[in-house]
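Have a look at the structure below, then the notes.
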Amino acid sequence: MYLILVGAPGAGKGTQATVVKEKMGLPHVATGDLFREAQRQGTELGLLAKSYMEKGQLVPDEVTVKMVMERLSAPDCARGCLLDGFPRTLEQARALEQALKGQGKSVAAALYIKVSEGELLRRLSGRWICRQCQAPYHLVSAPPKVKGKCDQCGGELYQRADDTIETARKRLEVYFNQTMPLIDYYRQAGRLKEIDGEHSVEAVGKELLAVLASLEGGKRVRK
Ligand code: AMP
């Protein structure tokens, strides 16, 4: 089953991805994480991505699609995966559809975590992340027990370079201009599942699980 997690930066995609992964047993393919890993390794792709990410802009479609297609061709993605942060443009969505279609597959659902702009800005500008396990924290709403340390693995917490208030604003602008059209794209295809992302992490997770259960039920009926 191929699932897509859609939502603005700060909507809680990374946090909720864990819920989906555990429930569905799917590999998690997060394009932002892939780009950050390429940067850590100092590859050509990493250097190129850095120049866009620092400004809060999207990495060009051609480069992003190529990276994702390579990842999807790995054996662990043969029976599906959870795509997080991809597609982010209509062009990417079409490229994904084409690639899956060529293998007789399709996207089962786009899980859209909906959060208002004001709440997104508040969340993004206080976000800190564990360098080791990527667990997210928030200075006000979800602070770590010990300042600067991850509760789960003790790793060092850091603020992503693109989580400063100026870059956060830019990333949201990019999201509303370039990624929002995807919502209509998947709605028209009858594959959009809307989840209210303004509630607590637990409540959003619960709603997401209910949607996943309905998808699995649908799959059984179709068999
Ligand atoms: P994220 O971790 O998903 O918030 O992504 C961080 C940054 O990586 C974004 O602001 C973009 O610069 C880049 N990025 C991630 N996914 C994509 C994508 N699907 N298309 C283009 N750029 C992306």
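All residue numbers refer to positions in the sequence shown, counting from 1. In each ligand, atom 1 is the first atom listed, and ligand 1 is the first ligand listed.
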Which side-chain N or O atoms in residues 21-28 pair as donor and acceptor under 3.5 Å with protein atoms at least two apart or in another chain?
| unit_1 | atom_1 | unit_2 | atom_2 | d |
| --- | --- | --- | --- | --- |
| His28 | NE2 | Asp84 | OD2 | 2.8 |

Please report, to 0.1 Å, the donor-acceptor pairs under 3.5 Å made by any side chain of residues 116-124, with sequence neighbours excluded.
| unit_1 | atom_1 | unit_2 | atom_2 | d |
| --- | --- | --- | --- | --- |
| Ser116 | OG | Glu198 | OE2 | 2.9 |
| Glu119 | OE1 | Arg122 | NE | 3.2 |
| Glu119 | OE2 | Arg122 | NH2 | 3.1 |
| Glu119 | OE2 | Arg123 | NE | 2.8 |
| Glu119 | OE2 | Arg123 | NH2 | 3.4 |
| Arg123 | NH1 | Gly10 | O | 3.1 |
| Arg123 | NH1 | Ala11 | O | 3.4 |
| Arg123 | NH2 | Gly197 | O | 2.9 |

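Other members of the cluster containing Ile129 are Tyr158, with ILVMFWY side chains joined at under 4.5 Å, either directly or via other members.
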Dump the pairs for me: ligand 1 N or O, protein N or O, distance under 3.5 Å, to 0.1 Å.
| unit_1 | atom_1 | unit_2 | atom_2 | d |
| --- | --- | --- | --- | --- |
| ligand 1 | 2 (O) | Arg36 | NH1 | 3.1 |
| ligand 1 | 2 (O) | Arg36 | NH2 | 2.9 |
| ligand 1 | 2 (O) | Arg160 | NH1 | 3.3 |
| ligand 1 | 2 (O) | Arg160 | NH2 | 3.4 |
| ligand 1 | 3 (O) | Arg88 | NH1 | 3.1 |
| ligand 1 | 3 (O) | Arg88 | NH2 | 3.2 |
| ligand 1 | 4 (O) | Arg88 | NH2 | 3.3 |
| ligand 1 | 4 (O) | Arg160 | NH2 | 3.2 |
| ligand 1 | 4 (O) | Arg171 | NH2 | 2.9 |
| ligand 1 | 12 (O) | Gln57 | O | 2.6 |
| ligand 1 | 16 (N) | Thr31 | OG1 | 2.8 |
| ligand 1 | 16 (N) | Gly85 | O | 3.4 |
| ligand 1 | 16 (N) | Arg88 | NH1 | 2.9 |
| ligand 1 | 19 (N) | Gly85 | O | 2.9 |
| ligand 1 | 19 (N) | Gln92 | OE1 | 3.0 |
| ligand 1 | 20 (N) | Gln92 | NE2 | 2.9 |
| ligand 1 | 22 (N) | Val59 | N | 3.0 |

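Counting only heavy atoms from C-beta outward, the side chains of Tyr112 and Leu182 never approach each other to under 4.5 Å.
The two residues Val65 and Gln92 come nearest to each other via the heavy atoms CG2-CG, 4.0 Å.
A salt bridge links Arg40 with Glu37: at least one charged nitrogen is closer than 4.0 Å to a carboxylate oxygen.
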